[in-house]
Amino acid sequence: MRNERSTRERLLELLEGGRDGFLSGEQAAAALGVSRAAVWKAAAALRRDGYPIEAATNRGYRLAAGTDLLTAGGIKRLLPESCGLQLRVLPEVSSTNDELKKLAAEGAPQGLAVVAGAQTGGRGRWGR
């Protein structure tokens, strides 16, 4: 399993953490260790994925006000840093439990949690 998160995932986490203002392309590039063009491409990919990212000339990028999308950064903001939880957030999955079993078989690290906005085939405790 790939341990390194994509530029898109890391940019989303930065934007989620800075909801109070804009993040310039230069600041994002420096924080992520990539070029400004890579930041632009990652922001465009996030928009295609449905994330409402605003861009303003000479200001940068930010998540649109009032955005309540489920993101790893949004969840981590509410947890103590010491918990060490690793999150995989998916918009939709058949079953978070099945997804986690698959990731574990691929060598996922201990402490990984899978969260989804929707489950299409999830089952309760009694298999219903």
Side-chain angles (χ1 to χ4, degrees):
M1 181 176 147
R2 199 181 94 208
N3 288 332
E4 187 152 334
R5 295 175 303 138
S6 71
T7 300
R8 183 176 70 196
E9 292 169 322
R10 295 182 305 145
L11 176 60
L12 182 58
E13 193 169 312
L14 278 177
L15 293 171
E16 183 68 52
R19 286 215 178 228
D20 298 333
F22 283 89
L23 176 68
S24 76
E26 188 175 338
Q27 290 171 319
L32 300 174
V34 299
S35 68
R36 286 175 58 192
V39 170
W40 179 83
K41 288 178 183 178
L46 287 168
R47 282 191 199 101
R48 284 192 303 274
D49 288 345
Y51 291 96
I53 295 177
E54 298 175 343
T57 304
N58 295 324
R59 294 179 80 188
Y61 304 95
R62 73 174 179 186
L63 284 174
T67 301
D68 65 351
L69 293 171
L70 188 61
T71 65
I75 294 169
K76 286 182 179 180
R77 271 187 334 155
L78 303 172
L79 298 172
E81 286 185 38
S82 61
C83 78
L85 183 67
Q86 294 183 32
L87 290 173
R88 172 80 48 100
V89 178
L90 304 168
E92 183 177 293
V93 69
S94 172
S95 163
T96 54
N97 214 9
D98 290 346
E99 182 70 17
L100 194 53
K101 286 177 187 177
K102 181 185 90 173
L103 292 170
E106 294 172 357
Q110 184 173 347
L112 176 68
V114 174
V115 179
Q119 291 189 92
T120 59
R123 297 171 305 280
R125 286 177 32 185
W126 302 104
R128 296 180 219 149

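Being a predicted model, the structure only gives us computed values, none of them experimental. When a residue number appears, it is its place in the shown sequence, counting from 1.
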Enquirer: What's the shortest heavy-atom distance between Pro109 and Gln86, and which atoms?
Expert: CG-OE1, 3.2 Å
Enquirer: Roughly how far apart are Arg8 CZ and Arg47 CZ, rounded to 0.5 Å?
Expert: 13.5 Å
Enquirer: Would you compute the distance between atom CG of Leu11 and atom OH of Tyr61 and round it to the nearest 0.5 angstrom?
Expert: 8.0 Å
Enquirer: To check you understand the geometry: which heavy-atom pair defines the closest contact between Arg62 and Phe22, and what is its length?
Expert: NE-CZ, 3.5 Å
Enquirer: With sequence neighbours left out, write down each residue that passes salt bridge (charged side-chain N to carboxylate O under 4.0 Å, His left out) with Lys41, or none if nothing qualifies.
Expert: none
Enquirer: Quick one: closest heavy-atom pair of Ser95 and Gly121, and the distance?
Expert: CB-O, 4.4 Å
Enquirer: Evaluate Glu99 against Lys102 for salt bridge (charged side-chain N to carboxylate O under 4.0 Å, His left out), listing each step before the verdict.
Expert: CA-CA 5 Å; Glu99 182 70 17; Lys102 181 185 90 173; 3.5 Å; yes
Enquirer: To the closest 0.5 Å, what do you measure between CG (Leu14) and CG (Leu32)?
Expert: 5.0 Å
Enquirer: Sort out for me which residue in Val115, Leu100, Leu103 forms a side chain to side chain contact (heavy atoms under 4.5 Å, CB included) with Arg88.
Expert: Leu103
Enquirer: Give a yes or no on whether Tyr51 and Val34 share a hydrophobic cluster (residues Ile, Leu, Val, Met, Phe, Trp, Tyr; joining criterion: side-chain heavy atoms under 4.5 Å apart).
Expert: yes
Enquirer: So, taking the atom named CD in Glu9 and the one named CG in Leu87, what distance separates them when rounded to the nearest 0.5 Å?
Expert: 11.5 Å
Enquirer: Quick check: closest heavy atoms across Ala113 and Leu85, and the distance to 0.1 Å?
Expert: CB-CD1, 3.9 Å
Enquirer: Quick check for you: to the nearest 0.5 Å, what is the distance between Ser24 atom OG and Arg59 atom CZ?
Expert: 12.0 Å
Enquirer: For the OG1 atom of Thr96 and the CG atom of Leu90, what is their distance to the nearest 0.5 Å?
Expert: 9.0 Å
Enquirer: Which heavy atom in Ala42 sits nearest to a heavy atom in Thr7, and how many Å separate them?
Expert: CB-CG2, 3.9 Å
Enquirer: So, for Val93 and Ala116, which heavy atoms are closest and what is the spacing to 0.1 Å?
Expert: CG1-CB, 3.5 Å
